[in-house]
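The structure under discussion appears below in the form of structure tokens.
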Amino acid sequence: MWLVTGGAGYIGAHVVRHLQRSGRQVAVIDDLSTGVRAKVDAAVPFVHASVGDRDAVRQAIRDLGVTGVLHLAAKKAVGESVERPLWYWQENVGCLQVLLEEMADAGVQRFVYTSSAAVYGQPDSTALITEDSACRPINPYGATKLAGEWMTSATAERFGWSAMSLRYFNVAGAGADDLCDPGVFNLIPIVFRALDSNERPKIFGSDYPTPDGTCVRDYVHVDDLADAHVQACAYVEANPGAGNTILNIGTGRGSSVREVLEIVSAVTGRDASGEAVARRAGDPAQLVAAVNRATEVLGWHSSRDVTDMVDSAWRAWQLKAE
Ligand code: UDP
């Protein structure tokens, strides 16, 4: 039985469905602070609690016969993490400590951890980012994700676990019309909201050293990301005691803000061309993953492009409950 923390969230709900389709048994623990119960199949055992609730975690592991955990539950808004750093450390690191302790106590030895490209901070060059690139987070969110990787490595080492830390790049899209990203924190949903309110999307900076002057990111479809989680489970199942393996999860291809806006215009039939405004603090010019390690270790690679992401996200966006 795989326990998915944060399984009622945007990404977690996709991961749960993909795990079900892979034939695995799956259960969810989610505090529903941002997650939505209805996104999870009623047949999936569901524990409504925080991962920091030690008794609930202990009981869930024991009663559900948990043999592996995918830990997606976390806070992920960069700006909020700057405003409330200690809360981010509590939620993303304090809760992880409780989870790892309870797993160790119960002898659960398989772990998949959600990390982020935010661990890299502001890279010195525009080269593809490998897993060995320097990790210098520039905000509390990225710092907590990196600390979580360290805790995972140390715990996996100490107790002979097989763990995997997946550093997500820019996740977008929807795998089903009811799995819209409800948080309007990232470029594509922000642009959709602007279109809905007849505002021009804002381009944060058009004087970057990139081909069209706007920032370049590696957008990865949430369904590809969910597939990577299934492969990660298969890997840790097949390789006991392997320690913590760190993998970038992206496509290896960059898209500029302007390119994304052009795709949004094409998909929605509306003018999403946007207006250039000042740079946003802390944005690197380019952040694109080297993805060969994920392919070597998991046999995984992305198969969906930015048009697929915008198209699926737009359909889900239009159907989302207000
Ligand atoms: N961005 C933008 N306008 C917006 C929101 C985002 O130009 O209204 C840019 C942002 O500067 C970055 C890219 O879009 O270059 C992706 O931003 P997002 O916040 O989605 O993810 P990040 O890469 O910061 O994690």
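Keep in mind the model is a prediction, meaning the values are calculated, not measured. Both counts, for ligands and for their atoms, begin at 1 and track the order of listing. The figures that follow rest on heavy atoms only: side chains count, while hydrogens, waters and symmetry mates do not.
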So for Tyr168, does at least one of its heavy atoms come nearer than 4.0 angstrom to any atom of ligand 1? no
Quick test: of every protein heavy atom, which one is nearest to [atom], and how far off is it to 0.1 Å?
| atom | answer |
| --- | --- |
| atom 24 (O) of ligand 1 | Arg280 NH2, 2.7 Å |
| atom 15 (O) of ligand 1 | Cys215 CB, 3.0 Å |
| atom 22 (P) of ligand 1 | Asn170 ND2, 3.5 Å |
| atom 7 (O) of ligand 1 | Phe204 N, 2.9 Å |
| atom 8 (O) of ligand 1 | Ile190 CG2, 3.4 Å |

Atoms in ligand 1 with a heavy atom of Asn186 nearer than 4.0 Å: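 Near Asn186, the atoms of ligand 1 are 18 (P), 19 (O), 20 (O), 21 (O).
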Can you name the atoms of ligand 1, numbered from 1 with element, that are less than 4.0 Å from a heavy atom of Ile203? 7 (O)
May I ask which of Lys202, Arg258, Arg217 has a heavy atom nearer to atom 23 (O) of ligand 1 than the others do?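 Checking each option, the heavy atom nearest atom 23 (O) of ligand 1 is found in Arg217.
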I'd like to know if the side chain of Ser256 reaches the main chain of Val216, judged simply by a donor and an acceptor atom lying under 3.5 Å from each other, with no hydrogens or angles considered. no
Using heavy atoms and a threshold below 4.0 Å, how should the contact between Thr214 and ligand 1 be classified: side chain, backbone, both, or neither? neither
Are any of the N or O atoms of Val257 closer than 3.5 Å to those of ligand 1?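 Min N/O separation from ligand 1 is not below 3.5 Å for Val257.
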Using a 6.0 Å cut-off, check whether atom CD of Gln20 has over 12 heavy atoms from anything other than its own residue. yes
